[in-house]
Structure formats: C-alpha cells, structure tokens
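Read the numbers this way: they start at 1 and go in the same order the structure lists the ligands and their atoms.
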Amino acid sequence: MTRPIFTEAGLRAAIERELPGVRADLERLVRIPGIAFDGFDHSHVERSAEAVAELLRGCSLDVRIVRSGGQPAVIGRRAAPPGAPTVLLYAHHDVQPVGDISLWESDPFEPVERDGRLYGRGAADDKAGIMAHVAALRAFGDDLPVGVVLFIEGEEEYGSDSLERLLREHRDEIASDVIVIADSGNWDIGVPALTTSLRGIVNCFVEIRTLEHAIHSGMFGGAVPDALTALTRLLATLHDEHGDVAVDGLISRGGATVDYPEDRLRHESGLVDGVSFIGTGRLTDRIWTKPALAILAIDAPPTTGAPNALVPAAKAKLSVRLAPGDNPKQAYAALRSHLEKHAPWGTTAVVTIEHDGDPCVIDASGPYFDAARGAFEAAWDGVKPVDIGVGGSIPFIATFQEMFPAAAILVTGVEDPYARAHGPNESLHLGEFARVCLAETLLLAKVAEAAAADR
Ligand code: BES
Ligand code: MN
C-alpha cells in the first residue's frame, strides 16, 4: 500500500488552515468550568468530557468516555496503518479552581485575547494541550500516518486518583510505541524544550496542641506555651540557614544542561526587590532536581479580631517536592520522623499525609526522541530544543514507564514562563501555541518515518 508523503511545507499549510477553527474550539472548552476538586459542581466536568468526546469524534476516532470511580476521561482511537506505530496523546480537560476572583482582570471562563495571549482558566493548562492534539489530527485528515490513542483525563489537577486504575483497566486499548504527554512547557518564548525529569510530591499536614482550651495570654504567657509559637518553631527547623531543606533522608541531585539566569528567574517569578533566592547550587538544580519544601497554609485564628489569648492548637499544610529518583513513601517517612523529633517543648507533632506522587527521569535518546527534536527545531524555525527538568509533578508518568517500558515518553506542552498556570490571569501565548500545533503535526509524520526506516 502506498501512503501519502508529507512535506513540511504541506503540513505547515495544513496547520495554518486549521488554526482558526482550533482557536474557536479552544475558546469553547475554556468556557466550561470543569473542576474536579471536592465541593465543585462536577456536572461541568461531565460537560467538558462530552465536549472533548465531540471534538475527537469529529477527527474520526472511536470515542468512549470512561471512568473508574473518579471523573470521566475520554479515550479516542484510530488504528495504525499496517506496520505503522501507535502514538498515545495525553492531556487533561479538568482545570484548577480560580482562587480569588478579584485578582482576575477578566472572567476566567470567558476567554479574551490581550497582547497576543489568550486569557482564561485552562487556556494553557491544559486545554491548549488537548487542542494541540486535535490540531495535529485535523492537519492530517484521513491520512494519519500513525495509529493514535487520545487519552484525555478529567482529574489531573485533583491528583489523578483513579487514573492508575483507568490505565490498567484499559491497558490493551492504550498500549502504544510513543506516548506524548502535553502537560508541560517550553524553555522560553521562542525556545522549545523536551522535559526529561519531573519532581515528585508529598503533601501532608502537621498539627500541634499545647492546651486543652484557649487561655488569657497575659495571665499564663511566659510559662505556658501556645501552639502557634510551637508550630512555627517546628516549621523553622525544616530549612537550614542557607534555605536548603534540612530534612535528613531526602535525595538531592544535579545535572541540568541549562542555567536559569538569575534576573530571568526573578522577573518570571515576580520576586520582590531585595528578597534573595533560597538554597544553594545552580538555580536549575534548586528548582528541578533538589528537594523543595513550602508551607502552603496554616490554620490559626485570623488576625482580625484575634483576642489576647494563647492559641491551643495549630495546623500547617506542607508540600515537599522530591528530587527525580526519590521515593515518596521513604520521603514521607523521613519528613514525619523529622517533624516528630523536632516538635519543641514536649509537644507531639501529629503528621498525616494528604497525597503523594512519583518523580520521574526520562532517558530521552533513540529514534523517537530524535524525531521529536527534529520536529521542534523545524516548528521553531531552526531553534534547537533544550532538555529541561520541571519542578512540578506529573506522577502518572512513572505509571506509564512501568506499564509500557519500551515506549518513548515525550513530555511536551504549551506552557511558557508567563502562562501563570494555577494562578489568576492564566494565559496562553498564541504564537507559541501555533508552533506547538505544528511541532506535534511534524512529530507524528517523523515518528512514522522513523518507524519505517527501522523496518
Ligand atoms: N502541568 C502541571 C505540571 C507542570 C508544572 C508542568 C510545572 C510543567 C511545569 C500539572 O498540571 C500539575 O500542576 N501537577 C500537580 C501535581 C499534583 C496535583 C499531584 C503539581 O505539580 O502540583
Ligand atoms: Mn496540567
């Protein structure tokens, strides 16, 4: 059987042609507030799965909405032409809650363009990931050179609790040679990247009680400890004087191939003038391959209306990012034992886990990675992609690695340093989005070529 030969120019023209429709469908998805967190109206997640299913049916895929006790995921398949490889395309259709609405400059669920960026919750993370997959499928029309399995999950932002079950239940349907995870980002505007490591995560709570009830702070203070002071002293032991994490037993590594210029990191993170960075070593190691620990929240009386009373109990939520190669169970045990050991003044630190997730390291070598690098370089007009780590977590990559050890896992995505994913005023750089769509299209063509060359 002869198959159509794809030229780069032809595929560029196809993406050019498809982009307006892709943009319109992206806006349609952004209007659906599908949030998988507890306490939100999950009927929107259902609608969002339906909308994704409709888009995939429009690409002539066999589509099913599946679930395993959690939110709905969408699986869409088209069989490979004889002898061609199969590529799994992952993205997620749920989004983060919007947080403090007063900080948004426009309605999070009404997409608007400003200065070349499309604003809206999920515009980047990760509805643009879904639409990059759809763009590539539309560019090929009926002549798709590879088999595809689209796997669009519905609870990534809420920890993907049922994803592992879903993957195992549908193992045979989703088995593939290449897995593209479009939920990461690029190195800078104009510079593409392949993500080759991600950190793991352990989120937990620690609670300290010093008193059976609140008491007058003047009458008893000085001899009787309050829980908030005890808790903050405990929390202060978690970093050393340089700001490195001081918990024994966490793994730390290095080896990034790029440096993050200090000014750039300051600017991109919005670090306030005069505030220094924390930790030691290269900045890329600090944010990608060393552990990080942040106090996310404290339950304590609000300052407004706080009486002169000793606080009897206080609780904090901690989040630890784990170095690639570390183990979440061991890391939690290390953290817990640190907290129990350092609780001051005879108090007991009660530690409970919220959730954890595996880190991963990807050996980005071989013909499919070469195909991806070639596709990126072409889509960015000759700018070679860099290998980056990511400080955030996509825990199920470890599950894919275990289930499909022979598959090449390409972690890509649309986020740029200004996307503000998870924050107010999330946005997508439309110029970069066009390149991502083209890159994925070229990638599918090159994956087919690489497999043919191998035969
Ligand atoms: N897309 C992110 C992961 C990511 C973060 C990629 C930063 C590139 C840069 C993903 O949606 C995410 O936020 N993951 C959670 C994982 C958690 C819910 C287990 C995270 O990192 O907090
Ligand atoms: Mn995401």
Side-chain angles (χ1 to χ4, degrees), residues 29-30 34-38 48 70-71 73 89-97 99 120-133 151-164 180-188 192-204 256 260 265 268-269 284 287-289 291-294 296-297 317-324 328 331-332 353-360 362 386-399 409-423 426-428 432 436:
L29 290 184
V30 172
I35 298 164
F37 283 54
D38 274 349
S48 151
Q71 299 301 324
L89 304 173
Y90 169 95
H92 60 89
H93 66 89
D94 64 307
V95 297
Q96 283 276 327
R121 172 57 86 229
D125 182 12
D126 186 26
K127 288 173 172 174
I130 302 173
M131 290 315 299
H133 298 326
F151 192 100
I152 312 294
E153 90 156 294
E155 56 183 26
E156 194 277 345
E157 301 291 5
Y158 199 48
S160 300
D161 276 349
S162 68
L163 180 67
E164 182 154 345
V180 180
I181 305 212
D183 193 22
S184 183
N186 289 305
W187 173 233
D188 202 353
L194 257 182
T195 299
T196 56
S197 73
L198 290 105
R199 286 196 287 200
I201 187 168
V202 175
N203 277 8
C204 70
Y260 222 125
L265 188 56
E268 287 173 5
S269 62
T284 38
I287 60 174
W288 293 346
T289 60
L293 191 155
L296 299 184
K317 178 174 181 177
L318 311 185
S319 183
V320 189
R321 298 288 175 168
L322 307 179
Y332 175 63
I353 189 160
E354 183 199 43
H355 70 85
D356 66 9
D358 285 312
C360 76
I362 293 166
V386 291
D387 284 358
I388 59 168
V390 153
S393 312
I394 308 183
F396 57 84
I397 294 179
T399 311
I409 302 185
L410 308 173
V411 182
T412 66
V414 295
E415 286 179 35
D416 69 272
Y418 301 96
R420 306 251 172 110
H422 298 198
E426 174 178 352
S427 69
L428 171 70
E432 291 295 283
V436 168

Looking only at side chains, do Ser393 and Arg321 share a donor and an acceptor under 3.5 Å apart?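 Ser393 vs Arg321: donor-acceptor pair found between side chains.
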Hydrogens and angles aside, do His93 and Asp126 bring a side-chain donor and acceptor to less than 3.5 Å of each other?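 Not at all, the side chains of His93 and Asp126 share no donor-acceptor pair under 3.5 Å.
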Restricting to N/O/S, name the atom of Asp125 that gets closest to the Mn ion (ligand 2).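 Of all N, O or S atoms belonging to Asp125, OD1 is the one nearest the Mn ion (ligand 2).
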Identify, by name, the N, O or S atom of Asp183 lying closest to the Mn ion (ligand 2).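 The closest N, O or S atom of Asp183 to the Mn ion (ligand 2) is OD1.
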Indicate if the distance from the Mn ion (ligand 2) to the nearest N, O or S atom of Asp126 falls below 2.8 Å.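 Here the distance criterion (N, O or S atom, under 2.8 Å) is not met by Asp126, so no.
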With a cut-off of 2.8 Å, does Glu156 put an N/O/S atom close enough to the Mn ion (ligand 2)?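 Glu156 does not place any N, O or S atom closer than 2.8 Å to the Mn ion (ligand 2).
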To the nearest 0.5 Å, what is the distance between CG on Leu198 and CD1 on Ile362?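 Rounded to the nearest 0.5 Å, the CG-CD1 separation comes to 6.5 Å.
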When rounded to the nearest 0.5 angstrom, what is the spacing between NE2 in His92 and CD in Glu156?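 Those atoms lie 4.0 Å apart.
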Going by heavy atoms in the side chains, are Leu322 and Ile201 under 4.5 Å from each other?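 No, side chains not in contact.
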Is the shortest side-chain heavy-atom distance between Ile409 and Ile181 below 4.5 Å?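 Contact flag for Ile409/Ile181 side chains = yes.
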Got the residues with a heavy atom under 4.0 Å of ligand 1, by chain and number?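 Residues within 4.0 Å of ligand 1: His92, Asp125, Glu156, Glu157, Asp183, Ser184, Arg321, His355, Val390, Gly392, Ser393, Ile394, Pro395, Glu415, His422.
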Aromatic plane relationship, Phe396 with Tyr90 - under 30° parallel, 30 to 60° tilted, over 60° perpendicular: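 Taking Phe396 first and then Tyr90, their aromatic rings sit tilted (interplane angle of 30° to 60°).
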Knowing that exactly one of Gln96, Glu426, His422 qualifies, which makes a side chain to side chain donor-acceptor pair (under 3.5 Å) with Arg121?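 Filter result, single survivor: Glu426.
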